[in-house]
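What you see below is based on every heavy atom in this structure, not just the backbone, and it leaves out hydrogens, waters and symmetry mates. By convention in this document, chain letters (A, B, ...) are assigned in the order of the sequence lines, proteins followed by strands, and residues within each chain are numbered from 1.
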Amino acid sequence: MGIQVYSTLTRKKEAFETLEPNKVRLYVCGPTVYDKAHVGHAMSALVFDIIRRYLQYRGYSVKHVMNYTDVDDKIINRANILACDPFELAETYIQQYAQHLKDLNILPATINPRATREMDEIIRFITDLINKGYAYEAGGDVYYRVEKKSDYGKLSGRKLDDMRAGSRIEVDERKENPMDFALWKAAKEGEPAWDSPWGKGRPGWHIECSAMSGAHLGEQIDIHGGGNDLIFPHHENEIAQSEAHTGKQFARYWIHNGMLQLSGEKMSKSLGNLITIEDFLAAHPADALRMMVLNSGYRNPLTFNDEIIGQAERGLERLQSGLKEAQPQTAGLADTSALDEAAKAARSGFEASMDDDFNSAGALGHLFELVRVINQARADGATDEQLKPAQDVLEELTGVLGLTLRVEKGSQAADAFINLLVDVRQDVRQAKLWELSDKIRDQLAELGVQVEDAKGGSTWYWK
RNA sequence: GGCGACGUGGCCAAGUGGGAAGGCAAGGGUCUGCAAAACCCUGAUCACGGGUUCAAAUCCCGUCGUCGCCUCCA
């Protein structure tokens, strides 16, 4: 059985079949760049990075598009407050976001389009919608006509009638239906604006994704992703526009990640309860956040707090323990079949879990079982050569999840001195000068070097 | 109010008809001069109440609770 993917559109798992064999067209909604990104953004980016890496492991070539919304009301407002240029503001945060993705070991998208650089495409798209009767101009604005297509609401499971009451929606007299949404917004004085058939203005939020997806991935794509807070109205509107434009199904699978929660509430800019990626990375390794994401279902809400981060960090240490070297001067195992079988079982279990809607928590479970067998073998005296095949599998599969299991490394020069010290300490221990031997170990620990004593000698590593 | 998701051991969490994975924490033990690491051992009436079934954590109905969307949001 191949990969099964849960699609929001059908609310069930479906067999994953791409439009073109072995190729995946993936579009993920990126951030609006008006402020520092927080760990919730990181979670979403991590989820789709994990999905992408697994698809690649499964032999797919993935064309991954992630956009930056670099012109909109919030950017303009922020720029006004800071008395700076909105384009420069956006540029600053785009650069910062790209660096965060790198720091988080998230593979760069194949293409990162920006709304401001795709204006011709956007205008062509809107023009076509007007020509086809799906949109209308009203005083320099252009609105999408939600009643024109009968399936509006199919992604979010809403009916126009249910939303009509819409007490919280400010009714705009110029709209035919209160749910009609802006494709193009006429510019006010001093705002960034582009020429269009409807006068100076800028694109609405939803249209840019449809236009850029079409421009870079074609009329139909395999996966469209984003946070589940985008289901309505953003993705609903994207479907409406794109399918009105092409007459074809837009995305085959809609994948949405759950929200990151802080103190029981969604982390968001408007609630002000956020932790920036910058702050997180200053205090924790990038792998810790990825580990948190991996250990839970991507569709479920994920609670973010110190205890959970701590659990993730200790879980990482456990994975790392599987990669440690053999005990010094060990005799070796007579039989390594347990290791071979464990490695084999780990790979097939890993694949079965990940095939099932990217069940990374289940996949991790299989990797932990491999760790246990490796550690058992080491404790039983396996040599490095004997451990290596299983460790290679562990390293490969954790790599598929995007974990680096990075072990801090000092300089080569320092290594030589530490080896010397540990070696000398070995003689000190043989002479049973425990006080001196402990002093060396303690002081090395203060320098970040963990020394571990075993029967045949000592090993050490940077921590 | 409408729509949707979720509720599994102290914590995180997999499993969605027939043996309740895994991790963290805790306790006990092995190893060790000590420490650390590692290894071994110990734990769940699957929110509650009904129902379907030979069989339910898993399906159906109801109750309670948590969260999300309905307005900008990853």
Side-chain angles (χ1 to χ4, degrees), chain A residues 8 11 28-32 34 37-48 66 69 72-74 77 153 156-159 161-170 179 205 225-234 236 256-261 264-271 291-292 294-297 299-303 305 307-319 321-322 324 327 349 353 356 359-369 371-372 374-380 429 432-435 437-438 441-442 445 450-455 458-459 461 463:
Chain A
T8 308
R11 311 251 170 207
V28 181
C29 288
T32 300
Y34 72 101
H38 57 75
V39 286
H41 297 109
M43 177 199 176
S44 186
L46 283 166
V47 163
F48 290 99
M66 187 201 76
T69 298
D72 97 326
D73 291 346
K74 291 193 294 293
N77 290 341
S156 55
R158 290 155 212 269
K159 296 189 181 77
D161 292 341
D162 296 338
M163 295 185 280
R164 173 117 31 197
S167 52
R168 291 159 77 183
I169 298 163
E170 200 177 326
M179 294 309 294
W205 177 37
N228 68 13
D229 53 349
L230 297 181
I231 293 172
F232 190 90
H234 187 51
E236 193 69 71
H256 291 100
N257 63 277
M259 294 292 102
L260 194 66
Q261 315 261 132
E265 277 182 314
K266 182 176 86 167
M267 187 177 292
S268 78
K269 290 174 186 173
S270 42
L271 289 172
M291 190 68 180
M292 285 174 57
L294 287 168
N295 189 44
S296 74
R299 285 190 277 130
N300 300 332
L302 173 60
T303 306
N305 61 42
E307 188 183 1
I308 307 229
I309 297 168
Q311 289 181 6
E313 287 186 299
R314 285 185 289 273
L316 281 172
E317 285 168 15
R318 173 134 187 99
L319 285 177
S321 76
K324 286 183 180 171
Q327 293 180 328
S353 290
D356 182 12
N359 179 355
S360 55
L364 267 185
H366 293 288
L367 298 186
F368 278 116
E369 283 174 6
V371 166
R372 191 182 65 242
I374 290 173
N375 287 343
Q376 280 168 342
R378 185 193 301 100
D380 290 344
R429 289 182 65 214
K432 299 193 192 296
L433 299 171
W434 306 126
E435 206 169 309
S437 136
D438 288 352
R441 189 174 61 197
D442 292 347
Q450 180 74 45
V451 177
E452 294 181 355
D453 297 332
K455 264 190 190 133
S458 304
T459 57
Y461 56 90
K463 58 177 180 183

Hey, what are the protein-to-nucleotides 18-22 of chain B N/O distances that come in under 3.5 Å?
from, atom 1, to, atom 2, distance (Å)
B:A21, O2', A:Glu369, OE2, 3.0

Under a 3.5 Å cut-off for both distances, is B:C3 Watson-Crick or wobble paired, and to whom?
-> B:G68
So what does A:Gly30 touch, heavy atoms closer than 4.0 Å: a base, only the sugar-phosphate, or nothing?
-> sugar-phosphate
Atom-to-atom span, NE2 of A:His256 to P of B:C6 - whole angstrom = 16 Å
State which of B:A13, B:G68, B:C70 makes the closest approach to the side chain of A:Arg158.
-> B:C70
Residues which pass side chain to side chain donor-acceptor pair (under 3.5 Å) with A:Gln450, listed by chain and number, not counting sequence neighbours | A:Lys463
Figure out the CD1/P separation between A:Ile374 and B:A37, and round it to whole Å.
-> 19 Å
Rounded distance in Å - CG (A:Asn300) to C1' (B:U66) = 13 Å
Whole angstrom is fine here: how far is it from CZ in A:Arg11 over to P in B:C69?
-> 14 Å
For the base of B:C72, is there a side-chain donor-acceptor partner from A:Asp229 under 3.5 Å away?
-> no
Check every atom of B:A74, B:A14, B:G33 against the side chain of A:Arg441 and return the nucleotide holding the closest atom.
-> B:G33
The side chain of A:Ala379 lies closest to which of these nucleotides: B:A38, B:C72, B:G33?
-> B:A38
Results of side chain to side chain donor-acceptor pair (under 3.5 Å) for A:Ser360 - residues two or more places apart only = none
Residues in salt bridge (Lys or Arg N to Asp or Glu O under 4.0 Å) with A:Asp453, at least two apart?
-> A:Arg425, A:Arg429, A:Arg441
Protein-nucleic acid N or O pairs under 3.5 Å, nucleotides 25-31 of chain B:
none

Is there a donor-acceptor pair closer than 3.5 Å between any side-chain N or O of A:His41 and the backbone N or O of A:His38?
-> yes
Contacts of A:Gln327 that satisfy side chain to side chain donor-acceptor pair (under 3.5 Å) - sequence neighbours left out | none
Of the candidate nucleotides B:C69, B:C12, B:A38, which contains the atom at the shortest distance from the side chain of A:Ile308?
-> B:C12
What integer number of Å spans the P atoms of B:G9 and B:G22?
-> 16 Å
Side chain of A:Gln376 (C-beta onward), nearest among B:A35, B:A37, B:C39 | B:C39
Considering only atom P, compute the distance from B:A14 to B:C54 and round it to an integer number of Å.
-> 32 Å
For atom C1', what is the distance between B:U30 and B:A57, given to the nearest Å?
-> 36 Å
For A:His256, ring pair (Phe, Tyr, Trp, His ring centres under 6.0 Å) partners two or more places apart | A:His235
Tell me: NE2 of A:His234 to P of B:U71, nearest whole Å?
-> 15 Å
Is the shortest side-chain N/O distance from A:Asn375 to OP1 or OP2 of B:C40 below 4.0 Å?
-> no
Taking atom P of B:A37 as reference, at what distance in whole Å does atom NZ of A:Lys324 sit?
-> 8 Å
For A:Asn305, all residues meeting side chain to side chain donor-acceptor pair (under 3.5 Å), sequence neighbours excluded | none
Could I get the full list of salt bridge (Lys or Arg N to Asp or Glu O under 4.0 Å) partners for A:Arg372, not counting sequence neighbours?
-> none
For B:C39, which nucleotide is its Watson-Crick or G-U wobble mate, given both distances must be under 3.5 Å?
-> B:G29
Nearest whole angstrom, please: distance from the P of B:U16 to the CG of A:Asp356.
-> 7 Å
Which part of the nucleic acid, if any, lies within contact of A:Leu367, taking any heavy atom under 4.0 Å across all strands shown: a base, the sugar-phosphate backbone alone, or nothing?
-> nothing
Where the side chain of A:Gln450 is concerned, which of B:A74, B:A36, B:A13 is the nearest nucleotide?
-> B:A36
Measure from CG on A:Asn359 to C1' on B:A13 and round the result to the nearest Å.
-> 10 Å
